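For clarity, every value in this text was computed on a predicted model and none was experimentally measured. Letters A, B, ... are given to chains in the order of the sequence lines, protein chains preceding strands, and every chain is numbered from 1.
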There are 2 protein chains.
Amino acid sequence: MSLQQQPAKEQRRTRQRAAVDEVLEETEDFISAQDLHAALRSRGMSVGLATVYRTLQTLADNGQVDVLHTSSGEAAYRRCARDEHHHHLVCRSCKATVEVAGPAVERWTRSVAKEHGYVDVAHTLEIFGLCPRCAAQA
Amino acid sequence: MSLQQQPAKEQRRTRQRAAVDEVLEETEDFISAQDLHAALRSRGMSVGLATVYRTLQTLADNGQVDVLHTSSGEAAYRRCARDEHHHHLVCRSCKATVEVAGPAVERWTRSVAKEHGYVDVAHTLEIFGLCPRCAAQA
DNA sequence: ATGAAGAGTGACAACCATTGTCAAAATGAT
DNA sequence: ATCATTTTGACAATGGTTGTCACTCTTCAT
């Protein structure tokens, strides 16, 4: 959700990064580093935990994955369809995610910041709820 | 920033809770549990770390303080002036905070959620930037 | 007041996500 | 193939937060 993203440093192609990419590609919802690591193990594509953390961090820095912090403070990652800035509507229970754009919100945050003289502004906005499926069986 | 807040359990008045309250009252900006604990120590009003955590958690559950998670995942607490739902414009550097209300944003999140059939919706929205003072000396 | 019942406290251990370390392994260019 | 450089991974270390549990303090009925 942050705005800053580096000039994408030169990187080497490694089995580990390919593995992380693959799982991210196939994972529809936000997933934590720990869970991604576990997913890799269970597929037999074992990758060191530190490497998973490093890879995700790099992807996040390059803006190739979105990061969000759950209410417990744990970071979760997701490869998003749209490239432009957007936000997420996330199911509290199953993590089902919908990408949403809110031009009005973007304008509003900018104007609020300017109004108070704040510069170099970024913002986080996530919407949490129960998706239709989970609400039904609740 | 969350919506849920319990029916405010019965609580006893203790020296420790009064101390935490006092510091919160005098602290303009968001402060972490660790920092609050340190502040208490330095004032000679020593309170156990676990107690500080418990007290802040209770206050947060009762909606008496607002909580926000910094980018590093650390939780920060603040006693806010306005009682109604609102958001914060926070200085990345010095933590200077401005409370802002955004009725339009509230409406927008509700409509987005409804549009996708999500219920029991809550949202987090924080704006980070550099306050005028910090921007000047940067 | 006084005492009983139970909430609250604190020192410490335990947790757990995340980061640091560093020697060994893998990669890309020559 | 060779070498300079990047990357990896097992493990230690960090740091915020929560769990534990015997002891202390509030509260309230007597």
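Residue R17(A) places its side chain closer to dT8(D) than to any other of dT8(D), dT9(C), dG10(C).
Of the possible polar contacts, none joining the R43(A) side chain to the V23(A) backbone as a donor-acceptor pair under 3.5 Å is found. A donor-acceptor pair under 3.5 Å is formed between the side chain of R17(B) and the backbone N or O of R12(B). A donor-acceptor contact shorter than 3.5 Å is absent between the side chain of H86(A) and the backbone of E99(A). Between the side chain of H37(B) and the backbone N or O of G48(B) there is no donor-acceptor pair closer than 3.5 Å.
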Check nucleotides 15-21 of chain C for protein N or O atoms closer than 3.5 Å to its own N or O atoms and list the pairs.
residue, atom, partner, partner atom, Å
dT18(C), OP1, A75(A), N, 3.0
dT18(C), OP2, Y53(A), OH, 2.7

Check: protein-nucleotides 1-3 of chain D nitrogen or oxygen pairs below 3.5 Å:
none

Output one line per pair: protein atom, nucleotide atom from nucleotides 26-30 of chain C, and distance, for all N/O pairs under 3.5 Å.
residue, atom, partner, partner atom, Å
dT27(C), O2, R12(A), NH1, 2.6
dT27(C), O2, R12(A), NH2, 3.4
dG28(C), OP1, R13(A), N, 3.4

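Residue pairs meeting the ring-ring contact (aromatic ring centres under 6.0 Å, His included) criterion with at least one member in residues 55-83 of chain B: none, sequence neighbours excluded.
Looking at residues two or more places apart in sequence or on another chain, you find a side-chain contact (heavy atoms from CB on, under 4.5 Å) between R107(A) and P103(A), A104(A), R110(A). For F30(B), the ring-ring contact (aromatic ring centres under 6.0 Å, His included) test picks out H88(B), with sequence neighbours left out. With sequence neighbours excluded, no residue forms a salt bridge (Lys or Arg N to Asp or Glu O under 4.0 Å) with R54(A). Q57(A) is linked by a side-chain contact (heavy atoms from CB on, under 4.5 Å) to D61(A), counting only residues two or more places apart in sequence or in another chain. For E28(B), the salt bridge (Lys or Arg N to Asp or Glu O under 4.0 Å) test picks out no residue, with sequence neighbours left out. Residues forming a side-chain contact (heavy atoms from CB on, under 4.5 Å) with S42(A) (at least two apart in sequence, or on another chain): none.
One interatomic measurement links the two molecules: CG of D35(B) to P of dG15(D), which rounds to 13 Å at whole-angstrom precision. Per the geometry, CD belonging to Q16(B) stands 18 Å off P belonging to dC23(D), to the nearest Å.
Of all the residues in residues 36-43 of chain A, not one reaches under 4.0 Å from DNA chain D with any non-hydrogen atom.
Counting only heavy atoms from C-beta outward, the side chains of D66(A) and L68(A) never approach each other to under 4.5 Å. Contact check for Q64(B) versus L24(B): no side-chain heavy atoms found under the 4.5 Å cut-off. By the 4.5 Å heavy-atom criterion applied to side chains, V121(A) and T109(A) are not counted as neighbours.
Taking five base pairs at each end of the helix from dA1(C)-dT30(D) to dT30(C)-dA1(D), the local helix axes there meet at an angle of 40°, rounded to 10°.
Atoms CG and OG1, from N62(B) and T58(B) in turn, are 6.5 Å apart once rounded to the nearest 0.5 Å.
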